[in-house]
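Keep in mind the model is a prediction, meaning the values are calculated, not measured.
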Amino acid sequence: MKLRVDRDILAEAVTWTARSVPARPPVPVLAGVRLEAAGSTLVLSSFDYEVSAHCEIAAEVEEEGVVLVSGRLLADIAKALPSKPVDLRLEGTKMAVTCGSSHFSLAAMAADDYPALPTMPPIAGTIDAHDLAQAVAQVSIAASRDDTLPLLTSVQMEVEGSSLVLMATDRYRLALREMTWSPAQELSTSALLKARTLSDVAKSLTSSGEVTLALTDSSASSSLIGFEAGGRRTTSLLTDGDYPPVRRLFPETTTIHATVGREELIAAVRRVSLVADRSTPIHMSFTEGSLELDAGQGDDAQASEQLVAHLDGEEITTAFNPTYLLDGLGALTQPYVRLDFTHASKPAVLTGVESIGGQEDESFRYLIMPIRFGA
């Protein structure tokens with residue numbers, strides 16, 4: 001194998017392909033990235049039996065061939081090279097990397113022992129890359145980080161015609177985002193995908209205008225989901241199991257509605273929560289025209305702050321985990337946040353609004369459980 005490729009293109013492609021390479025692979029070859037030169041294309045691929053990555057970039061190929069080298073090492077080298085064309089050449093059991101006056105030699109692994117990448121499921125449709133990235137960022141914050149609960153570390157994706165819904169929960173908050181997409185066929189299905197994997201995919205494919213989603217109908221036995229955009233393709237195994245029926249946690253009706261400036265509330269919560277540790281809630285007291293925040297008690301440090309707020313309904317005092325509250329506020333994009341309550345001890349629902357008294361945007365809803373006083 002012998003070829004020349006642009007340094008920036010190579011660095012970006014290797015970094016993206018090697019992102020899923022395990023730090024401690026169960027099999028040595030899984031630490032590698034497979035490079036195949038053919039025609040005028042260099043194909044890079046990686047696979048850890050759960051997530052696969054396939055990337056194609058343009059290259060001046062002089063001799064076709066295949067080589068398997070350490071993915072993380074090649075990524076580090078590619079990013080450190082000077083801004084000049086890069087020459088890759090297979091020399092026996094080594095791959096030589098030359099860029100200007102820089103020379104590297106990487107040990108080649110047995111490419112024949114590398115597992116074949118899984119086949120992409122049937123194309124289900126396309127979705128705007130920016131919309132997907134925003135939706136995933138909004139929802140994934142609510143996914144659990146506890147790997148002993150694999151269902152809750154995943155994001156539930158529901159497809160029904162042109163409607164696509166993402167939701168995640170860790171039992172203390174629930175995020176749900178509804179969006180439209182362009183299905184290639186009439187489809188009704190659901191899929192569970194690890195939040196970390198989905199977040200990584202959404203971030204890495206935002207440079208393209210549209211992302212192709214490959215997904216099978218729920219009646220099929222396939223357990224794969226695939227994404228493709230801009231010469232990059234990735235697949236992932238789906239999480240087994242049935243997601244809990246969390247939609248019913250959203251109340252059908254609410255009687256208390258409070259609207260506050262989002263940026264002002266974020267800043268105030270950050271300041272007041274400086275005296276609150278992980279187990280200490282931040283109290284919120286809503287009265288007509290005012291919201292009072294306070295944290296800390298007894299002989300410990302204390303803080304309080306008052307904001308302007310519009311209240312529709314009876315006065316209410318409740319308390320939340322400040323980190324969870326900030327996550328929800330940060331996921332909204334509108335200038336105001338509306339908090340809907342049924343009772344101080346019941347979950348609150350956060351939605352974004354453009355103005356006081358304006359129509360709330362229910363395409364994204366964030367439900368947060370209150371903390372009992374004294375808990």
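Side-chain contact between L198 and F227 is present, with at least one heavy-atom pair separated by less than 4.5 Å. A heavy-atom distance below 4.5 Å is not found between the side chains of T351 and L339. Between L151 and T153, the closest side-chain pair of non-hydrogen atoms is not below 4.5 Å. For the pair I368 and L325, the minimum side-chain heavy-atom distance is below 4.5 Å. A 4.5 Å side-chain heavy-atom check between E305 and R271 finds at least one atom pair inside the cut-off. With contacts defined as side-chain heavy-atom distances shorter than 4.5 Å, the pair E228/V211 does not qualify. Proximity of V86 to D6: side-chain heavy atoms (C-beta onward) are nowhere separated by under 4.5 Å. Using a 4.5 Å heavy-atom cutoff, the side chains of P150 and D240 are not in contact.
By the 6.0 Å contact criterion, CZ on R248 is open, its count of non-hydrogen atoms from other residues, nucleotides or ligands being 12 or less. The local environment of CD in E314 is sparse, with at most 12 non-hydrogen atoms from other residues, nucleotides or ligands closer than 6.0 Å. Residue-environment remark: CZ (R7) exceeds the threshold of 12 foreign heavy atoms within 6.0 Å. With a 6.0 Å radius and a threshold of 12 heavy atoms from other residues, nucleotides or ligands, F250 has its CZ atom above the threshold. For Q359, the CD atom counts as loosely surrounded, since its 6.0 Å shell holds 12 or fewer non-hydrogen atoms of other residues, nucleotides or ligands.
Looking at every heavy atom in both residues, T119 comes nearest to L224 through O-CD1, 3.7 Å. Residues I371 and F320 approach most closely at CD1-C, 3.7 Å, considering heavy atoms. Scanning all heavy atoms of the two residues, the minimum distance from Y336 to S355 falls at CD1-CA, 3.7 Å. Annotation for Q156 and S190: closest pair NE2-CB, 3.8 Å, computed over non-hydrogen atoms. A143 and S154 get closest at one heavy-atom pair: CB-O, 4.4 Å. Nearest heavy-atom pair, T234 versus S52, reported as atom, atom and distance to 0.1 Å: OG1-O, 2.6 Å.
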Next item on the list: Evaluate the side chain to side chain donor-acceptor pair (under 3.5 Å) criterion for residues D361 and S363: first the C-alpha distance (whole Å), next the side-chain angles of each, then the deciding distance (0.1 Å), finally the verdict.
Entry: CA-CA 6 Å; D361 179 9; S363 64; 2.8 Å; yes
Next item on the list: Using the side chain to side chain contact (heavy atoms under 4.5 Å, CB included) rule, take I57 and L44 through it: C-alpha gap first, then chi angles, then the decisive distance, then the call.
Entry: CA-CA 8 Å; I57 59 175; L44 302 92; 4.0 Å; yes
Note to self: Set out, in order, the CA-CA distance, both residues' side-chain angles and the distance that settles side chain to side chain contact (heavy atoms under 4.5 Å, CB included) for V136 and L166, then state yes or no.
What the structure shows: CA-CA 7 Å; V136 171; L166 300 176; 4.0 Å; yes
Next item on the list: For L35 and V43, run side chain to side chain contact (heavy atoms under 4.5 Å, CB included): C-alpha distance rounded to whole Å, both residues' side-chain angles, the deciding distance at 0.1 Å, then the answer.
Entry: CA-CA 6 Å; L35 286 76; V43 178; over 6 Å; no
Note to self: Is there a side chain to side chain donor-acceptor pair (under 3.5 Å) between S40 and E60? Walk through the geometry before answering.
What the structure shows: CA-CA 6 Å; S40 58; E60 299 175 13; over 6 Å; no
Note to self: With side chain to side chain contact (heavy atoms under 4.5 Å, CB included) as the criterion, how do V97 and L106 come out once you've worked through the C-alpha distance, each side chain's angles and the decisive distance to 0.1 Å?
What the structure shows: CA-CA 8 Å; V97 180; L106 282 70; 4.0 Å; yes
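Evaluated for a side-chain contact (heavy atoms from CB on, under 4.5 Å) with R270, the options L274, I266, V272 yield exactly one hit, I266. Each of L291, T317, D294 was scored for a side-chain contact (heavy atoms from CB on, under 4.5 Å) with M284, with one residue passing: L291.
The closest donor-acceptor contact from the side chain of S46 to the backbone of T17 lies under 3.5 Å. S199 contributes no side-chain N or O that, together with a main-chain N or O of R196, makes up a donor-acceptor pair within less than 3.5 Å. Of the possible polar contacts, none joining the Y172 side chain to the A142 backbone as a donor-acceptor pair under 3.5 Å is found. A donor-acceptor distance shorter than 3.5 angstrom exists from the side chain of E64 to the backbone of G39, with no hydrogens or angles considered. A distance-only check finds a donor-acceptor pair linking the side chain of W181 to the backbone of G161 [under 3.5 Å]. Between the side chain of R262 and the backbone N or O of L332, at least one donor-acceptor pair lies under 3.5 Å. In this structure, R4 contributes its side chain and P85 its backbone to no donor-acceptor pair below 3.5 Å. Of the possible polar contacts, one joining the D170 side chain to the R173 backbone as a donor-acceptor pair under 3.5 Å is found.
With respect to the salt-bridge test (charged N to carboxylate O, under 4.0 angstrom), the residues D147 and K194 do not qualify. Look at D200 and K203 and you find no salt bridge, because none of the NZ, NE, NH1 or NH2 atoms lies under 4.0 Å from a carboxylate O. Note on E12 versus R232: salt bridge recorded, some NZ/NE/NH1/NH2 to OD/OE distance being below 4.0 Å. For the pair D340 and R338, the salt-bridge criterion is met [side-chain N within less than 4.0 Å of a carboxylate O]. Remark: K2 engages E62 in a salt bridge, criterion side-chain N to carboxylate O under 4.0 Å.
Atom CG in D312 sits 9.5 Å away from atom CD1 in I256 (nearest 0.5 Å).
The hydrophobic side chain of M120 is isolated, with no ILVMFWY side chain under 4.5 Å apart from it.
Between F341 and F286, the ring center distance clears the sub-6.0 Å criterion.
Side chains of T148 and D146: a donor on one and an acceptor on the other come within 3.5 Å.
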